[in-house]
Visitor: 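A single structure is presented below for examination.
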Protein chains: 2
Amino acid sequence: MKSGYTDQYNTRNKMYVATDCIVFGFDEDGLKLLLFKRKVKPDEGKWSLIGSFVELEEDVDDAARRVLKEITGLEDVFFEQSYTYGKAERDPGYRCISIAQFALIRINDHDRELVKNYGASWHNIESVPQLVLDHDRMVRDAFQKLRDRARRRPIGFELLPEKFTIPQLQQLYEAIYQRKLDSRNFRKKVISLKVLEKLEEKDKTSSKRGAYLYKFDHDNYLKLQESGINFEI
Amino acid sequence: MKSGYTDQYNTRNKMYVATDCIVFGFDEDGLKLLLFKRKVKPDEGKWSLIGSFVELEEDVDDAARRVLKEITGLEDVFFEQSYTYGKAERDPGYRCISIAQFALIRINDHDRELVKNYGASWHNIESVPQLVLDHDRMVRDAFQKLRDRARRRPIGFELLPEKFTIPQLQQLYEAIYQRKLDSRNFRKKVISLKVLEKLEEKDKTSSKRGAYLYKFDHDNYLKLQESGINFEI
DNA sequence: TCAAAAGTGTTACAAATACACCCATGT
DNA sequence: ACATGGGTGTATTTGTAACACTTTTGA
């Protein structure tokens with residue numbers, strides 16, 4: 001025990017439970033990760049995932065919701081458990097296990113001010129800085145899980161705006177799979193899933209010709225979520 | 001707080017971390033689950049998964065290994081995290097989150113005496129009794145995960161004896177998927193994976209003609225584990 | 001008129017599915 | 001000789017992968 005500390009203050013003398021959120025966001029320039037710059041010792045100034053200890057009377061899921069609300073201003077965020085990190089030595093400061101959860105949000109929906117005030121910022125998924133503790137591994141694992149999930153269930157709904165174009169949806173999948181997809185095969189595949197509803201309007205922000213806007217058919221989307229698909233493309 | 005208790009004895013005044021093991025076993029009569037009959041209050045006499053609190057200085061994985069060793073006598077058991085259950089009210093006795101892990105073992109390898117002494121026993125996967133707390137859900141979730149896993153990675157290695165027949169392997173998959181498979185297609189598929197090594201010997205315990213024994217090609221099996229497959233059959 | 005992104009069809013190949021009979025052997 | 005489970009092959013369908021040109025329109 002460190003000298004001067006009594007048991008009461010020894011943070012390794014008790015079990016802590018934390019949750020860390022791997023927040024994936026998508027906007028017009030791609031897939032990003034929300035990180036924050038630690039303001040306190042140890043590791044002050046280093047990048048970290050956003051997270052929190054789970055309170056005694058709080059569900060683990062609620063802790064994730066609380067953190068997401070606090071930092072992005074958003075409620076009803078889609079998130080899913082990724083993995084629980086339980087090595088005794090994973091955090092030198094506390095005996096702390098962490099339940100990692102990944103969240104999917106539309107970057108344009110969140111509260112930019114709030115994020116800024118928390119010292120948080122968005123980082124392109126291709127250029128994530130080194131993170132504290134085992135957070136690098138958490139990001140790798142969660143990204144892998146996101147990829148697996150995208151292959152088996154549709155996921156655009158949580159990341160795209162209400163109305164979106166097929167090229168935008170394709171960009172999302174390209175960012176997740178980290179490779180180029182064939183636009184003809186992609187279009188064929190997503191249309192065959194029968195979850196897209198074509199609108200009359202066009203989006204002209206990224207081409208002169210404009211691309212038709214679509215929205216998800218919520219019912220069919222949910223059915224697909226439950227039944228699963230094989231989105232190997 | 002219950003009267004007569006001080007803070008020190010109030011088990012809801014501190015965070016506990018437990019691990020519960022969903023132990024799947026396979027033998028000549030099918031896929032089974034290892035359960036144990038609680039010997040202490042509360043819920044004395046009710047069926048439960050095997051589990052333990054995670055010690056302060058112990059990795060979560062090691063806690064699972066410890067429990068499995070204690071109850072089955074086996075070391076080097078294959079196990080994988082399933083899900084972490086973190087509702088504040090999931091256990092009325094303790095504020096306790098539980099990391100569920102599923103394990104796969106060959107029933108004929110384990111220590112029958114030890115299991116018996118612990119009040120544990122094997123239950124056919126089709127007829128699992130009602131369990132304490134949220135253990136029913138843990139079993140459902142883990143079985144679902146096992147099914148998903150079997151579809152993407154080979155799993156026979158952990159559950160079958162060193163030498164086994166193709167009909168036995170098929171029985172395993174039928175027990176996991178809970179449906180009959182076509183023997184011609186099954187055989188075609190597993191042979192195409194190139195992880196089976198055909199032996200000269202035959203097993204005559206279940207037919208007069210006898211079925212050829214096979215063993216897994218360990219290297220190719222591991223490669224398949226890593227690269228993944230689509231075992232949709 | 002040209003640059004830039006949107007949209008469209010066909011063919012080849014691979015994999016999954018459905019399906020029925022003969023084989024070997026112990027009793 | 002017959003009952004029992006083991007073993008084999010083919011045709012069909014389905015899905016994936018590869019591939020190139022025309023359309024629209026603002027600048």
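The shown structure was predicted, so the numbers you read here are calculated from the model rather than taken from an experiment. Below, chain A is the first sequence line, B the second, and so on; all start at residue 1.
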Visitor: Check for a donor-acceptor pair, side chain of A/Asp43 on one end and backbone N or O of A/Lys46 on the other, with a separation under 3.5 Å.
Guide: no
Visitor: Whole-Å distance between D/dG6 P and B/Lys198 NZ?
Guide: 14 Å
Visitor: Between protein and nucleic acid, restricted to nucleotides 25-27 of chain D and to nitrogen or oxygen atoms under 3.5 Å apart, what atom pairs and distances do you find?
Guide:
unit_1 : atom_1 : unit_2   : atom_2 : d
D/dG26 : OP1    : A/Lys204 : NZ     : 3.4

Visitor: Closest nucleotide of DNA chain C for B/Ser183 versus for A/Ser206: which of these residues is on the 5' side?
Guide: A/Ser206
Visitor: Start with the C-alpha gap between A/Glu174 and A/Gln170, add the side-chain angles, then the distance that decides, and say whether side chain to side chain donor-acceptor pair (under 3.5 Å) holds.
Guide: CA-CA 6 Å; A/Glu174 289 180 340; A/Gln170 180 170 345; 3.0 Å; yes
Visitor: Return the orientation label for the A/His110 and A/Trp122 ring planes: parallel under 30°, perpendicular over 60°, tilted otherwise.
Guide: perpendicular
Visitor: Find the distance A/Tyr177:OH to D/dT16:P and express it as a whole number of Å.
Guide: 11 Å
Visitor: Could you state the atom-to-atom distance from CD1 of A/Ile191 to P of D/dT16 in whole Å?
Guide: 15 Å
Visitor: So, do A/His123 and A/Trp47 have ring centers that fall under 6.0 Å from each other?
Guide: yes
Visitor: Whole Å only: how far is the OH atom of B/Tyr212 from the C1' atom of C/dC23?
Guide: 11 Å
Visitor: What's the CZ-C1' distance between B/Phe231 and C/dA15, to the nearest Å?
Guide: 14 Å
Visitor: Take atom CG in B/Asn117; do more than 12 heavy atoms of anything else shown fall under 6.0 Å from it?
Guide: yes
Visitor: C/dA6 C1' sits how many Å from A/Phe164 CZ, rounded?
Guide: 16 Å
Visitor: Taking N or O atoms only and anything under 3.5 Å, show me the protein contacts with nucleotides 9-11 of chain D, one pair per line.
Guide:
unit_1 : atom_1 : unit_2   : atom_2 : d
D/dT10 : O4     : B/Lys188 : NZ     : 2.9

Visitor: Kindly say whether the aromatic ring centers of B/Phe102 and B/Phe143 come within a distance under 6.0 Å.
Guide: no
Visitor: Are the ring centres of A/Phe26 and A/Phe24 closer than 6.0 Å?
Guide: no
Visitor: Any salt bridge between B/Asp141 and B/Arg137, counting N to O under 4.0 Å?
Guide: yes
Visitor: Distance alone, cut at 3.5 Å: any donor-acceptor contact between the side chains of A/Gln101 and A/Ser82?
Guide: no
Visitor: Round to the nearest Å and state the distance from B/Leu181 atom CG to D/dG6 atom C1'.
Guide: 16 Å
Visitor: Calculate the interatomic distance between B/Phe186 atom CZ and C/dT17 atom P; express it in whole Å.
Guide: 13 Å
